[in-house]
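Notes follow the structure.
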Amino acid sequence: MLLTERRLLWRGERGALDFDLATIRGVSLWLVNTLGVIYGSAPYRFTLGSENGFKWLTHVGQITKAQAEREGRTITVSTF
């Protein structure tokens, strides 16, 4: 997984996905190491393997929240 100021990029066994942060509506943590993202109206779950899920929740949540505030829209980020 790679996070920039504008994109969240995921590369897995079945291919790669590129998410524009302006379209993310929600970020949450599923179990301990699965990141959930609501992209438009579609839910996605990313198994993070040995990566720390709280780290990814915090980083993706902070960046998407800041961008949403600048654009005048809301985003839901779970607190844990």
Side-chain angles (χ1 to χ4, degrees):
M1 186 173 291
L2 175 66
L3 179 64
T4 72
E5 291 181 357
R6 296 190 179 164
R7 299 197 130 6
L8 174 65
L9 307 167
W10 169 260
R11 206 174 269 162
E13 293 177 9
R14 297 170 63 190
L17 297 171
D18 181 352
F19 297 92
D20 181 355
L21 296 183
T23 308
I24 292 179
R25 294 183 32 225
V27 182
S28 60
L29 194 59
W30 296 80
L31 304 173
V32 176
N33 69 340
T34 303
L35 186 69
V37 173
I38 304 297
Y39 188 69
S41 61
Y44 290 85
R45 291 183 190 168
F46 304 100
T47 302
L48 301 170
S50 62
E51 291 280 335
N52 185 322
F54 292 110
K55 173 186 82 170
W56 283 104
L57 173 66
T58 301
H59 291 307
V60 175
Q62 286 180 343
I63 291 174
T64 54
K65 235 179 178 176
Q67 183 174 13
E69 287 173 3
R70 285 191 302 271
E71 296 170 354
R73 59 185 179 87
T74 60
I75 183 171
T76 302
V77 178
S78 69
T79 55
F80 55 91

Counting distance only, does the side-chain N/O of N33 pair as donor-acceptor with the main-chain N or O of G53 below 3.5 Å? no
CG/L48 to OG1/T34 distance, rounded to the nearest 0.5 angstrom?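 With rounding to 0.5 Å, CG (L48) is 6.5 Å from OG1 (T34).
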Can you give me the closest heavy-atom contact between [X] and [Y], atom names plus distance?
{"X": "T23", "Y": "R73", "result": "N-NH2, 4.4 Å"}
{"X": "Y39", "Y": "I24", "result": "CD1-CG1, 3.8 Å"}
{"X": "S78", "Y": "L29", "result": "OG-N, 3.5 Å"}
{"X": "L21", "Y": "E5", "result": "CD1-O, 3.5 Å"}
{"X": "R25", "Y": "S41", "result": "NH1-CA, 3.7 Å"}

R70: what forms a salt bridge (Lys or Arg N to Asp or Glu O under 4.0 Å) with it, not counting sequence neighbours? none
Can you hop from F54 to V37 via hydrophobic side chains spaced under 4.5 Å?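 Yes, F54 and V37 fall within the same hydrophobic cluster.
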Would F46 and V77 show up in the same hydrophobic cluster when neighbours are defined by side-chain heavy atoms closer than 4.5 Å?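 Yes, same cluster.
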Does any non-hydrogen side-chain atom of [Y] lie less than 4.5 Å from one of [X]?
{"X": "L35", "Y": "M1", "value": "yes"}
{"X": "F19", "Y": "Y44", "value": "yes"}
{"X": "R7", "Y": "D20", "value": "yes"}

Among L3, I75, L8, which residue satisfies the side chain to side chain contact (heavy atoms under 4.5 Å, CB included) criterion with T64?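 Exactly one candidate clears the test, I75.
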Atom CH2 of residue position W30 - does it have more than 12 heavy atoms of other residues, nucleotides or ligands inside 6.0 Å? no
